[in-house]
Undergrad: 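There's a structure below that I have some questions on.
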2 protein chains.
Amino acid sequence: MNETSDDNSLITQSETQMRKGMLVYCVLLLLKDGKVYTSEIIRSLRQAQLIVVEGTLYPLLNRLAKDNVLVYEWQESEQGPPRKYYWLTDDGQALLIELRSNYRKLHASINALEKGAHHE
Amino acid sequence: MNETSDDNSLITQSETQMRKGMLVYCVLLLLKDGKVYTSEIIRSLRQAQLIVVEGTLYPLLNRLAKDNVLVYEWQESEQGPPRKYYWLTDDGQALLIELRSNYRKLHASINALEKGAHHE
DNA sequence: TATACTACCATGCTATACAAGGTACTATTA
DNA sequence: TAATAGTACCTTGTATAGCATGGTAGTATA
């Protein structure tokens, strides 16, 4: 709660916020080409600098599966514990299309604001 | 709490999420050219289809002012109640630059995912 | 048997968007 | 003067969801 020394906290916070909203969209993008298991998703997202912690992704996948966006099946691994492979349902495909459209619109809106197009 | 009839709730939810993260950035963009008062900000954001309700923006502006990103002054209006005009501090200008950079990176990452660039 | 690695998961905290309702000032009109 | 409408600001309560932290379990190796 020190308000003088953590002046970069707002930056970090806003960075986090920016990534947050895109998370569902990015997860669906990662799954659009086939079955992927959870740790693999985390690694891919980290490569894209989009997420770091497991505690965010596992509940998210559970929610998406509960809402019939994803399904999964367990699969034995040759080395290590079994893996939970996820893929998109038809509803998931539809949601992906919807989110892609929304992202395009959002990006366009931000571009407009960046160019200072705020006149009544 | 009905889980069968509100099957578009996840879409709405994700749309909301997408806008959420961009809010700080968009507010700073709106203020980058000078003093603006709150209702005006709300109208501009609505035009850009980025936010709808006041209950989101007022607390956000308070937070940003508390964190020395924005300052404000009261100004009489010729018609109606007085208005609270906000503008960016130097810290706010710096944050805007930071957030612009972050947004660029995020957009690039999403573009990469859209093109299916997830290979180890 | 013990250690290391991989993978999955749950709990508690905190931040925050939204819904809903409220206050106060000005102008218009009866 | 009194009532209504319009504008602008603000607060409270609720629910969502990311994150920190810690834990379980299977496999492989020393």
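All values below come from the heavy atoms of this structure, side chains included, with hydrogens, waters and symmetry mates left out.
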Undergrad: Assuming nearest nucleotide by heavy-atom distance, tell me which of A:Tyr85 and B:Pro81 is located more 5' along DNA chain C.
TA: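 Mapping each residue to its closest nucleotide by heavy atoms, the 5'-most match is A:Tyr85.
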Undergrad: What does B:Thr38 touch in the nucleic acid at a heavy-atom separation under 4.0 angstrom: a base, only the sugar-phosphate, or nothing?
TA: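 Sugar-phosphate: the residue B:Thr38, judged by heavy atoms under 4.0 Å, touches backbone atoms but no base.
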Undergrad: Rounding to a whole Å, what distance do you find between B:Leu23:CG and C:dT16:C1'?
TA: 10 Å
Undergrad: For C:dT6 and A:Ser39 - does any side-chain N or O of the residue sit under 4.0 Å from the phosphate oxygens OP1/OP2?
TA: no
Undergrad: Honestly, is B:Lys35 close enough over B:Tyr85, meaning NZ or CZ under 6.0 Å from the six-membered ring centre and within 45° of the axis?
TA: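 No cation-pi geometry.
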Undergrad: Using 30° and 60° as the class boundaries, would you call the ring planes of B:Tyr103 and B:His107 parallel, tilted or perpendicular?
TA: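 Correct class here is parallel.
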Undergrad: Does B:Tyr58 put a side-chain nitrogen or oxygen below 4.0 Å from OP1 or OP2 of D:dT11?
TA: no
Undergrad: Mind calculating the distance between CD (B:Gln13) and C1' (D:dG18) to the nearest angstrom?
TA: 14 Å
Undergrad: What integer distance in Å separates A:Ile41:CD1 from C:dT6:P?
TA: 18 Å
Undergrad: Looking at the side chain of B:Val53, which of D:dT11, C:dC25, C:dA19 is the nearest nucleotide?
TA: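 Of D:dT11, C:dC25, C:dA19, C:dA19 is nearest to the side chain of B:Val53.
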Undergrad: For B:Leu57 and C:dT16, what is the distance between atoms CG and P respectively, to the nearest whole Å?
TA: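 Going from CG in B:Leu57 over to P in C:dT16 covers 14 Å.
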Undergrad: Identify whether the distance between the nearest side-chain nitrogen and carboxylate oxygen of B:Glu114 and A:Arg104 falls below 4.0 Å.
TA: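 Here B:Glu114 pairs with A:Arg104 in a salt bridge, since their nearest N and O are under 4.0 Å apart.
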Undergrad: Counting just side-chain N and O atoms, does B:Arg83 come under 4.0 Å of either OP1 or OP2 of C:dA24?
TA: no
Undergrad: Rounded off to whole Å, could you give me the CD-to-P distance for the B:Glu54 and D:dT12 pair?
TA: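 Atom-to-atom, B:Glu54 to D:dT12, this comes out as 16 Å.
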Undergrad: Base, sugar-phosphate, or nothing for B:Glu78, non-hydrogen atoms under 4.0 angstrom?
TA: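 Counting heavy atoms under 4.0 Å across all strands, the contact made by B:Glu78 is with sugar-phosphate only.
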Undergrad: Hey, is the side chain of B:Arg63 poking within less than 4.0 Å of OP1 or OP2 on C:dA17, counting only N and O atoms?
TA: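 Yes, because at least one side-chain N or O of B:Arg63 sits under 4.0 Å from OP1 or OP2 of C:dA17.
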Undergrad: When you measure from the side-chain N and O atoms of B:Gln17 to the phosphate of C:dA17, is any distance below 4.0 Å, counting only OP1 and OP2?
TA: no
Undergrad: Between A:Val24 and B:Pro59, just flag the one whose closest nucleotide in DNA chain D comes earlier from the 5' side.
TA: B:Pro59
Undergrad: Between B:Ser109 (side chain only) and A:Ala48 (backbone N and O only), is there a donor and an acceptor less than 3.5 Å apart?
TA: yes
Undergrad: Taking the six-membered ring of B:Tyr72, is NZ or CZ of B:Lys84 closer than 6.0 Å to its centre and within 45° of its axis?
TA: yes
